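Below you'll find the structure, written out as structure tokens, and then a few comments.
Bear in mind that the values here come from a model prediction, so they are computed numbers and not experimental data.
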Amino acid sequence: MSVSLALPSALAGHTTGATDPIRYYTRPGIGWIFRRRIEMGLEMIPPMAPGARALEVGYAAGVVLYNLAGRVSELHGIDLDTDPSTVRERLAGLGIQVQLTQGSVLDMGGIYEDAYFDLIVCFSVMEHIAESRQALAEMWRVLKPGGTAIIGMPAVNQMMEVAFRSIGFKGIEDHHITSPATIWRILKSEPDRWGVERRSLPGAVPFGAALYHTFRLTKR
């Protein structure tokens, strides 16, 4: 299923911080890449059953939550830095009800119970997390058996550092500390936990040559 990312001005016109890429989504050229990385992940989401619950890890401006609203019955988001009240109000103004919290994916105990969600989405977050195995374990815990997790992340290499600096992201090498290859190795080492599919942007290139990687995980 082909997906076009909806970008309502109420969300796209507001950045949540210096590292929020929302300002690049509508730029000529580079904007296509920023939008396409999300669209690729949304296309990998299977049909959701009635009453499905979804969690976004790292919701930032709320654009992904807006695009998920028609697919599930209950929306949640967790973000370490973003003020949940601001994003909640903007989404409410667009008719989207969402439950947001400020917290870490590394410890969602006391926030979400075991096997609560049918779907988890996480775009451009895992590259910032050194404790990636712990983050994956927490996602596995709160996901229902048979549930889906979509994890998207950029390549982490010298070429990408240069590319990010060219569009104004300074010191990206200090923030991008976990590579897609690392996540791939962890996932493949846990076959009893996860079924794994992978897509890349662009497609049909070797693993290390892709700009962006998206993993669709199914909880065993």
Side-chain angles (χ1 to χ4, degrees), residues 1-12 14 16 20 22 35 37-126 129 134-153 193-197 214-220:
M1 178 182 65
S2 178
V3 171
S4 294
L5 189 71
L7 280 172
S9 58
L11 304 178
H14 298 275
T16 60
D20 184 351
I22 191 67
R35 296 190 306 274
R37 70 194 171 108
I38 304 298
E39 292 168 349
M40 183 168 64
L42 296 177
E43 290 167 0
M44 296 175 76
I45 297 173
M48 293 284 109
R53 300 172 177 139
L55 169 69
E56 183 180 12
V57 175
Y59 55 81
V63 169
V64 174
L65 290 168
Y66 179 83
N67 282 266
L68 287 175
R71 299 191 183 208
V72 297
S73 298
E74 192 176 304
L75 274 174
H76 295 254
I78 185 168
D79 194 294
L80 188 60
D81 301 315
T82 303
D83 176 11
S85 61
T86 302
V87 178
R88 189 185 302 115
E89 289 171 8
R90 289 175 185 154
L91 285 167
L94 294 167
I96 307 298
Q97 300 303 312
V98 59
Q99 300 179 51
L100 303 180
T101 189
Q102 192 164 11
S104 171
V105 66
L106 295 174
D107 183 11
M108 297 188 287
I111 304 174
Y112 308 119
E113 59 191 69
D114 293 359
Y116 189 77
F117 294 105
D118 302 271
L119 173 67
I120 297 173
V121 296
C122 177
F123 295 105
S124 298
V125 172
M126 293 295 286
I129 299 176
Q134 183 179 342
L136 289 167
E138 270 293 89
M139 291 187 206
W140 187 90
R141 180 185 67 80
V142 302
L143 194 63
K144 293 179 181 179
T148 298
I150 303 292
I151 297 177
M153 57 192 301
R193 287 196 161 210
W194 299 112
V196 186
E197 298 176 45
T214 304
F215 305 101
R216 179 167 71 180
L217 315 181
T218 304
K219 180 175 176 176
R220 303 286 196 196

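Closest approach of Glu56 and Gly58 over heavy atoms only: OE2-O, 3.5 Å. Nearest heavy-atom pair across Ser73 and Pro50 is OG-C, 4.3 Å. Minimum heavy-atom separation, Glu138 to Val105: CB-O, 3.2 Å.
Residues meeting the side-chain hydrogen bond (donor to acceptor under 3.5 Å, both in side chains) test with Arg220, sequence neighbours left out: none. Residues satisfying the salt bridge (charged side-chain N to carboxylate O under 4.0 Å, His left out) test with Arg35, not counting sequence neighbours, are none. Residues meeting the salt bridge (charged side-chain N to carboxylate O under 4.0 Å, His left out) test with Asp118, sequence neighbours left out: Lys144. The side chain to side chain contact (heavy atoms under 4.5 Å, CB included) search around Leu106 returns Ser104, Ile129, Glu131, Gln134, Ala135, not counting sequence neighbours. Here Gln97 pairs with nothing under the side-chain hydrogen bond (donor to acceptor under 3.5 Å, both in side chains) rule; sequence neighbours left out. Taking Phe117 as the reference, His76, Tyr112 meet the ring-ring contact (aromatic ring centres under 6.0 Å, His included) condition, with sequence neighbours excluded. For the side chain to side chain contact (heavy atoms under 4.5 Å, CB included) test, residues two or more places apart in sequence or in another chain that qualify with Arg193 are Ala137, Trp140, Glu190.
Looking only at side-chain heavy atoms (C-beta outward), Ile38 and Val63 stay at 4.5 Å or farther from each other. Contact check for Val125 versus Ile151: no side-chain heavy atoms found under the 4.5 Å cut-off. A heavy-atom distance below 4.5 Å is not found between the side chains of Thr16 and Ile22. Side-chain contact between Met108 and Leu55 is present, with at least one heavy-atom pair separated by less than 4.5 Å. Two residues are said to be in side-chain contact when any heavy atoms from C-beta on lie closer than 4.5 Å; Thr82 and Asp20 fail this criterion.
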Report task. Verify side-chain contact (heavy atoms from CB on, under 4.5 Å) between Leu68 and Leu42, making sure each step is shown before the conclusion. Result -> CA-CA 8 Å; Leu68 287 175; Leu42 296 177; 4.0 Å; yes

Query raised in the report: Step by step, would you call Ile45 with Val121 a side-chain contact (heavy atoms from CB on, under 4.5 Å)?
Result: CA-CA 9 Å; Ile45 297 173; Val121 296; 4.2 Å; yes

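For the atom pair Ile78 CD1 and Gln102 CD, the distance stands at 9.5 Å (nearest 0.5 Å). Here SG of Cys122 is found 8.5 Å from CE of Met153. Values are rounded to the nearest 0.5 Å. Between the CD atom of Glu197 and the CD1 atom of Ile150 there is a distance of 8.5 Å, given to the nearest 0.5 Å. With rounding to the nearest 0.5 Å, the separation of CZ in Phe215 from CG in Leu136 is 9.5 Å. If you take CD1 on Ile111 and CD on Gln99, they are separated by 12.5 Å, rounding to the nearest 0.5 Å. Summarising the geometry, atom CG belonging to Leu94 is positioned 5.0 Å from atom CG belonging to Leu11; distances are rounded to the nearest 0.5 Å.
Among residue pairs with one or both ends in residues 98-111, none qualify as salt bridge (Lys or Arg N to Asp or Glu O under 4.0 Å); sequence neighbours excluded. Here salt bridge (Lys or Arg N to Asp or Glu O under 4.0 Å) pairs that include residues 43-52, with residues two or more places apart or in two chains, are Arg36-Glu43, Glu43-Arg199. Applying the salt bridge (Lys or Arg N to Asp or Glu O under 4.0 Å) test to pairs two or more places apart or on separate chains, those with a residue in residues 70-79 are Arg53-Glu74.
Under the side-chain contact (heavy atoms from CB on, under 4.5 Å) test applied with Leu143, the options Thr218, Asp114, Ile120, Leu119 reduce to a single match, Ile120.
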Please tabulate, for the side chains in residues 86-93, all donor-acceptor contacts under 3.5 angstrom to protein atoms that are two or more places apart in sequence or on a different chain.
| residue | atom | partner | partner atom | Å |
| --- | --- | --- | --- | --- |
| Thr86 | OG1 | Asp83 | OD2 | 3.1 |
| Arg88 | NH2 | Leu100 | O | 3.2 |
| Arg90 | NH2 | His14 | ND1 | 3.1 |

